[in-house]
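Read the structure below first, then the notes.
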2 protein chains.
Amino acid sequence: MTVVQKSKVTRGQKGEQTRERILVKSGELFAAKGFFGTATRDIATAAGLQQPSLFFHFASKQAIADELLAYSLSRPKTFASRLVEEPGSAAARLYAYISFDTEHLASSPYDLTGIHQDGLLSMPDFRKWKLAGDALAQHIRTLIRQGHVDGSLLPLDPILVQHMISGINLNTIRRVGDKQRRKSGLPEFVADFILRGLLSSPRSLPSVQIEGRELLRLLKTDE
Amino acid sequence: MTVVQKSKVTRGQKGEQTRERILVKSGELFAAKGFFGTATRDIATAAGLQQPSLFFHFASKQAIADELLAYSLSRPKTFASRLVEEPGSAAARLYAYISFDTEHLASSPYDLTGIHQDGLLSMPDFRKWKLAGDALAQHIRTLIRQGHVDGSLLPLDPILVQHMISGINLNTIRRVGDKQRRKSGLPEFVADFILRGLLSSPRSLPSVQIEGRELLRLLKTDE
DNA sequence: GTCTATAAGCCGATAGAC
DNA sequence: GTCTATCGGCTTATAGAC
């Protein structure tokens, strides 16, 4: 949809395919052994290259993680920041967020679980993504607090609840294998489970689902 | 309580204190930077030692992680294996397990979150603990299936549910800061949340809580 | 128990040919 | 674009003095 960034995309088809293969394999290896536990040699071998050839496509090992982090965090952060200012019940908006994030992670061409492990984000070089992750967490906590105010959610500690949600989102995707990850219905499965744990009135779940899905559909069109 | 293992404990008080300090600092560093991201130099410095002095107390860097993994997995695994064969509703037994595990992790003198990151358990040297973790996961899945049979739990995919529970257990503890980690009520907080998400009848939660806590008290006495 | 000195290996990244 | 050759730095672990 965007017309910009030409100089990079222009370079041949083969280079772009290799670059993509590097990202995919890096994601798998980071998930299996962590960022620090993965050597650039391992990545190169998995991508069918010699180790130094990586550095034609990426300036550094960190640059690879950077691109994966961007894919992992940019859209969910934007989506959550919009949800905070949307009208409607907070429960439905939280439902929309969880569905969106789970689908985003599960349908990703890259395995994004590894880059959220280690203390990767505590390294100075990844400060940018640490801040993005913190902002996303804040949006989720805001949604939860809004649910306390409008009475749709149980008055549980927003920080603890946000940590639980993040833990679920990452761990449901992890190690579940491609077939199950892609299985449709996972986003609703996860959102249902979490909302049952948070709703002040369990019987309101069906209406929350309807309102949440409608909101999701609406926000996704003009993303 | 045990009378065995003398030769190790007998060596002076100072050595034992240093050994303990190494474990505590290792846990913190593994949590912050991951196992592979933490150098033995960092651990030694944090413990007030020179790097080679570590190897008087531990045969290798892995031996440190080994001890933390033993602390993290041994008791929960044993506890879960007993719960599987206990009588009573599966929901109550799952409640007991979640309370136990959360309290175990939260009251630990060591930060145990780091050793469950990276692909630490995928390394051949940690095969023993990989198997222990897999066994623990199987016990949890069995509990969930038992809940399908006795009708106390919703018929949700046991593998997905087990992944969600594991994700919550690890992430609620992580990065929450000591004061909140030790705050009493956390085990019940987590168990309540998960059970609300899984119970086939939301109104049965109070009785599940009572039965679960009773079971927890019972099994803890003759541990 | 803790130290200094040091070995042996792996790491990320660069230089330059093709 | 990908290769070979290679560098400097950092890593875990050992040897041996105190």
Side-chain angles (χ1 to χ4, degrees), chain A residues 7-27 29-30 32-69 114-115 118-120 123-126, chain B residues 7-26 29-30 32-69 114-115 118-120 122-126:
Chain A
S7 56
K8 272 221 167 181
V9 180
T10 304
R11 51 174 88 185
Q13 216 177 344
K14 186 180 178 186
E16 200 56 32
Q17 286 174 354
T18 304
R19 198 186 141 86
E20 201 61 17
R21 220 167 48 241
I22 292 170
L23 285 171
V24 170
K25 295 299 182 185
S26 295
L29 286 164
F30 292 164
K33 301 168 174 256
F35 178 81
F36 298 109
T38 302
T40 51
R41 276 181 164 80
D42 304 338
I43 300 173
T45 302
L49 293 170
Q50 294 300 313
Q51 182 256 351
S53 303
L54 282 184
F55 296 90
F56 173 82
H57 301 276
F58 294 92
S60 66
K61 188 186 177 185
Q62 290 182 6
I64 300 177
D66 257 313
E67 194 140 326
L68 294 176
L69 281 164
I115 50 173
D118 302 324
L120 204 65
M123 280 183 35
D125 321 68
F126 290 110
Chain B
S7 56
K8 272 220 167 182
V9 181
T10 305
R11 50 174 90 185
Q13 215 178 344
K14 187 179 177 186
E16 200 55 34
Q17 286 174 355
T18 303
R19 200 186 139 86
E20 199 62 19
R21 221 166 48 242
I22 292 170
L23 285 170
V24 170
K25 294 299 182 184
S26 296
L29 285 164
F30 291 165
K33 301 169 175 252
F35 178 81
F36 297 109
T38 302
T40 51
R41 238 176 266 273
D42 304 338
I43 300 173
T45 303
L49 292 171
Q50 294 301 314
Q51 183 257 348
S53 305
L54 281 185
F55 295 90
F56 174 82
H57 300 276
F58 294 92
S60 66
K61 187 186 178 185
Q62 290 181 6
I64 301 177
D66 256 313
E67 194 140 327
L68 294 175
L69 281 164
I115 50 173
D118 303 325
L120 203 63
S122 71
M123 280 182 36
D125 321 69
F126 290 109

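All values derive from a computational prediction rather than experimental measurement. The analysis underlying the following values was restricted to heavy atoms, covering all of them including side chains, and did not include hydrogens, waters or symmetry mates. Each chain gets a letter, A, B and so on, in the order its sequence line appears, and its residues count up from 1.
- Separating the CD1 atom of A:I43 from the P atom of C:dC11 is a distance of 11 Å, rounded to the nearest angstrom.
- The side chain of B:T18 contributes no N or O atom lying less than 4.0 Å from OP1 or OP2 of C:dG1.
- Residue A:D125 contributes atom CG, which lies 10 Å from atom P of C:dA13 at whole-angstrom precision.
- For B:A46, the side-chain contact (heavy atoms from CB on, under 4.5 Å) partners two or more places apart in sequence, or in a different chain, are B:K25, B:L29.
- Residues passing the side-chain contact (heavy atoms from CB on, under 4.5 Å) test with B:A59: none are found, sequence neighbours excluded.
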In the 5'-to-3' direction, what one-character label does each nucleotide of nucleotides 11-18 of chain D receive under the scheme B = base within less than 4.0 Å of a protein heavy atom, S = sugar-phosphate only, - = no such atom?
-> BBBB----

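- Axis angle across the helix from C:dG1-D:dC18 to C:dC18-D:dG1, with five pairs used at each end and values rounded to 10°: 10°.
- A salt bridge between A:E67 and A:R19 is present, with a side-chain N of the basic residue lying under 4.0 Å from a carboxylate O of the acidic one.
- B:T18 pairs by the side-chain hydrogen bond (donor to acceptor under 3.5 Å, both in side chains) definition with nothing, not counting sequence neighbours.
- For the pair A:K61 and A:F35, the distance from NZ or CZ to the six-membered ring centre is under 6.0 Å and the angle to the ring normal is within 45 degrees.
- For A:Q50, the side-chain contact (heavy atoms from CB on, under 4.5 Å) test picks out A:P52, A:S53, with sequence neighbours left out.
- OP1 or OP2 of D:dG1 has not a single side-chain nitrogen or oxygen of A:S53 nearer than 4.0 Å.
- Atom pair A:Q50:CD and D:dT4:P shows a separation of 5 Å (rounding to whole Å applied).
- Rounded to a whole Å, the CG atom of A:D66 is 16 Å from the C1' atom of C:dG12.
- For A:F58 against A:I22, the heavy-atom pair with the smallest separation is CE1-CG2, 3.6 Å.
- A:E16 places its CD atom 17 Å from the C1' atom of D:dT2, with the value rounded to the nearest Å.
- Atoms CZ (A:F58) and P (D:dG1) sit 13 Å apart, rounded to a whole Å.
- Although no hydrogens or angles enter the test, the distance criterion places a donor-acceptor pair under 3.5 Å between the side chain of B:R21 and the main chain of B:A47.
- Using a 4.0 Å heavy-atom cutoff across all strands shown, B:L54 reaches no nucleic acid atom at all.
- No side-chain donor-acceptor contact under 3.5 Å links A:T38 to the backbone of A:K33.
- Atom C1' of nucleotide C:dG12 and atom CZ of A:F56 are separated by 19 Å, given to the nearest angstrom.
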